[in-house]
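First the structure, in the form of structure tokens, and then the observations on it.
Whatever order the structure lists them in is the order used to number ligands and atoms, beginning at 1. Here, residue 1 is the first one in the sequence, and each next residue gets the next number.
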Amino acid sequence: MTDLSKNFGSLEAVKSIDFEINDGEIVGFLGVNGAGKTTTLRMITGFLVPTGGTVYVDDLNILDHAYEIQKQIGYLAELNPLYSEMSVYDFLEFIADIRKIRGKQFKEALARVVEQCGLKGVVHRTISNCSKGFRQRIGLASTMIHDPDILILDEPVTGLDPNQIVEIRGLIKELGKEKLVLMSSHILQEIQVTVDRIIIIHEGEIVADGTNEELMSNFMGNVHLTMEVKDATIDSVSNIESAIPSVKFLNSEPKNGHQILHLEYSREDDPREELFKFAVDSKWIILSMNPHTANLEDIFRSLTVTGGANA
Ligand SMILES: Nc1ncnc2c1ncn2[C@@H]1O[C@H](COP(=O)(O)OP(=O)(O)O)[C@@H](O)[C@H]1O
Ligand SMILES: [Mg+2]
């Protein structure tokens, strides 16, 4: 895609984003709620017309070739809407019928998705009687009934319990061996182990794009400091950056009546002494200071903080 953007009235939900995905890749599309993931995915799948820019699939422009492209794409929308009073069989037959896959062709497609998505044994069950994990499999099966080469999955593991997440992850990884998969999430851990590459979107803009290793190496040399303090006022927290220029304030969260501060600094410029003095001057009590080399979670956090101190 090139320079893709979408405005909703005066809101620029997606701002001129550019990325390319190649066959055989499993790509995670990561961003906090409201970052612009769903809007982007809906433009890629042709459900939403961009305000600017274009999506290309194999050199075909989605505006001119929506029908051909939609044949190649399976799209699992956020929240996975299913007709819960239908049986799995009836639902898949209904979805196949929309794509004019009927009769013998449907039987073959059904056998294929039942195998691919592990639906043996539940085909004749009513959807409302299936567990959430199975419903997600049914959703996946419905997006794959026409055997697309590309799977676009909007938050496919959100709302599942940890066991179900592991299960659906495994399934997506398996499908990714044959298909291009682009899956979104607002939770790094949900996708980190599934994908080969992570694209991070923040306020409608791409702020990072690379493999786990690439993202890590770009941020190596940065140290993250988790500090637990008592009696820190919002005012004093928001002064850290101006008092100690080598410190970047990421965010803070309350914990048991204390504050957990997440800070970042460069390895060459260790500010811990100054931080200690600053804390004393601000009448904070330091309960702990834990420096560690940045991990992907920290990178995500530092790329998606909005504004300065929001203690
Ligand atoms: N149909 C719409 N009309 C107006 N604003 C929208 C619409 N869809 C999304 N938005 C806004 O666009 C921004 C991006 O939303 P969305 O793409 O759903 O983010 P995400 O999927 O990353 O949570 C949000 O601020 C959201 O409120
Ligand atoms: Mg969304």
Closest protein heavy atom to [atom], given as residue, atom name and distance to 0.1 Å:
| atom | result |
| --- | --- |
| atom 15 (O) of ligand 1 | Thr39 OG1, 3.8 Å |
| atom 26 (C) of ligand 1 | Leu11 CD2, 4.4 Å |
| atom 3 (N) of ligand 1 | Phe8 CD2, 3.4 Å |
| atom 19 (O) of ligand 1 | Gly36 N, 3.2 Å |
| atom 18 (O) of ligand 1 | Thr38 CB, 3.6 Å |

- Can Gly31 be said to touch ligand 1, with heavy atoms closer than 4.0 Å? no

- Numbering as shown, the atoms of ligand 1 that approach Asn33 to under 4.0 Å (heavy-atom distance): 23 (O)

- Message: Need the ligand 1 atom indices (1-based, order shown) with element for anything under 4.0 Å from a heavy-atom of Ala13.
- Response: 12 (O), 13 (C)

Pairing donors with acceptors under 3.5 angstrom, does anything connect the side chains of [X] and [Y]?
| X | Y | answer |
| --- | --- | --- |
| Asn290 | His224 | no |
| Glu174 | Gln116 | no |
| Ser185 | Glu155 | no |
| His146 | Gln72 | no |

- Query: Charged N to carboxylate O under 4.0 angstrom, Arg112 versus Glu108?
  - Reply: no

- Message: Rounded at 0.5 Å granularity, tell me how far CD1 in Ile206 sits from CG in Asp18.
- Response: 8.5 Å

- Task: Measure from atom 14 (C) of ligand 1 to every heavy atom in Gly204, Ser184, Ser185, Gly34 and give the option owning the shortest one.
- Result: Gly34

- Query: Given His202, Lys6, Lys37, His186, which has its nearest heavy atom closest to atom 22 (O) of ligand 1?
  - Reply: Lys37

- Message: Any N/O/S atom from Thr38 (main chain or side chain) under 2.8 Å of the Mg ion (ligand 2)?
- Response: yes

- Task: Describe, in one word, how the ring planes of Tyr75 and Phe47 are oriented to each other, choosing from parallel (under 30°), tilted (30 to 60°) and perpendicular (over 60°).
- Result: tilted

- Geometric class of the Tyr83/Phe91 ring pair [parallel <30°, tilted 30-60°, perpendicular >60°]: tilted

- Query: For ligand 1, does Val32 get within less than 4.0 Å through its side chain, its backbone, both, or neither, judged by non-hydrogen atoms?
  - Reply: backbone

